[in-house]
Amino acid sequence: MICSPESQQSDKLSKITKSRLDKEPKTEFKFGIGEWYGRSFADLTGDQRREFAAIQSLQRENRPKQLCPFLSQAEKPVNCHKDGGICSLRSYERSRTTGVVTLDSRRSPLVTTCPSRFEQKGTIYSWVNEIMLPNQTAIPIGEIPFLLPSPKVGHGRKTGRREIGSMDNVLAVPGTDPLIWCPLNLQSVCFLSKKMNFEFDAIAKTTGEGIPFPLKCRRPDYRNSFTKRLLPQLQMMVPSLSRSAKKMAVVIDEEFFGQFAPIKTERHISMAEILWFVVKFVKYEIEAKQFILRPQFVHMTTLEASVASMLHLE
């Protein structure tokens with residue numbers, strides 16, 4: 001078949017255009033700070049970012065205390081206990097042609113890195129209470145040791161009796177006998193990367209109001225967050241709890257849960273061993289520069305089904 005001159009010219013232009021597009025620098029994507037001391041990093045002013053970064057260069061005992069907005073109450077302020085003050089991370093992008101940094105245009109949800117992030121306004125406690133202990137009014141009582149080993153022969157009762165594992169929180173109904181309660185685990189995500197000090201030093205040296213692009217490549221380490229943090233706790237606690245007809249509640253963000261392979265769902269809570277309470281973070285309050293935690297759904301399943309699903313995590 002003989003191509004017309006017009007067709008040949010069109011093909012030539014198409015190849016030139018494709019070649020130019022291939023040579024254009026690609027956009028960079030990296031995970032960086034999502035929330036810093038409870039506030040949206042992208043919405044902080046340049047001065048606020050530099051102030052928070054400067055704090056990290058001080059010796060820990062000399063750093064000014066920063067309130068944790070998720071643990072604090074009007075009558076009981078609580079200081080941030082997490083080194084560096086990073087509550088969550090999210091994805092950013094930088095144009096290689098203009099250098100402008102923005103939120104990842106593909107999607108940029110928060111990924112929780114501090115368990116305290118889940119405690120905003122006590123929303124999770126009322127939600128878990130409603131599902132796990134219906135028609136009861138429970139209160140959270142904080143971290144509780146799960147098991148204590150038996151004392152060794154010849155030793156006193158307290159010698160060598162370090163607890164084995166702990167429950168992040170327990171919801172208990174006061175004044176009930178026997179006590180009505182349920183365990184609650186708050187599961188955040190760890191990240192693979194260099195220390196955040198590299199980022200803090202770079203942010204402290206920035207000028208202007210633009211969002212600083214992360215220096216180091218980092219990614220959510222979902223597999224180790226499960227296998228090294230959560231799995232040992234579940235394998236130790238769930239069988240014992242099940243023998244006492246107790247269910248384990250695990251609070252997790254939608255990004256983490258979205259990494260699981262499909263998990264078989266139990267139709268009724270009586271058949272489940274683990275209830276996954278999945279949350280997301282929605283548009284923040286403008287003045288507070290703060291995202292709001294919202295309950296999404298509860299997934300009722302067994303320990304076996306959960307482990308099988310999580311083996312696919314990357």
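Just so you know, residue 1 is the first one in the sequence shown, and it goes up from there. Every value quoted in this text rests on a predicted model; they were computed, and no experiment measured them.
- Aromatic ring pairs are classed by plane angle as parallel below 30°, tilted from 30° to 60° and perpendicular above 60°; the pair Y222 and F256 is tilted.
- One finds no salt bridge joining E93 and K26 here, because no Lys/Arg side-chain nitrogen approaches an Asp/Glu carboxylate oxygen to under 4.0 Å.
- Using a 3.5 Å distance cut-off with no hydrogens or angles, the side chains of S270 and H268 do pair a donor with an acceptor.
- Rounded to the nearest 0.5 Å, atoms CD1 (I274) and CG (N185) are 9.5 Å apart.
- For the pair T112 (side chain) and C114 (backbone), a donor-acceptor distance under 3.5 Å is absent.
- Between Y92 and E28, the side chains place no donor N or O within less than 3.5 Å of an acceptor N or O (distance only, hydrogens not considered).
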Output a table of donor-acceptor pairs, distance under 3.5 Å, between side-chain atoms of residues 133-143 and any protein atom two or more places apart or on a different chain; print 'none' if there are none.
{"residue": "E143", "atom": "OE2", "partner": "S166", "partner atom": "OG", "Å": "2.8"}

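- Of the possible polar contacts, one joining the S72 side chain to the V78 backbone as a donor-acceptor pair under 3.5 Å is found.
- A donor and an acceptor atom, one from each side chain of R90 and S108, are located under 3.5 Å apart.
- The distance from the CD atom of Q233 to the CG atom of D168 is 7.5 Å, given to the nearest 0.5 Å.
- Note on ring orientation: taking the six-membered ring where Trp is involved, the planes of W276 and F257 are tilted (angle from 30° to 60°).
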*Let me see the working for D83 and R63 under salt bridge (Lys or Arg N to Asp or Glu O under 4.0 Å), right down to the final yes or no.*
CA-CA 11 Å; D83 192 29; R63 295 175 188 172; 2.7 Å; yes
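- Remark: the S88 side chain and the E35 side chain contain an N/O donor-acceptor pair separated by less than 3.5 Å.
- R223 CZ to L192 CG: the interatomic distance, rounded to the nearest 0.5 Å, is 12.0 Å.
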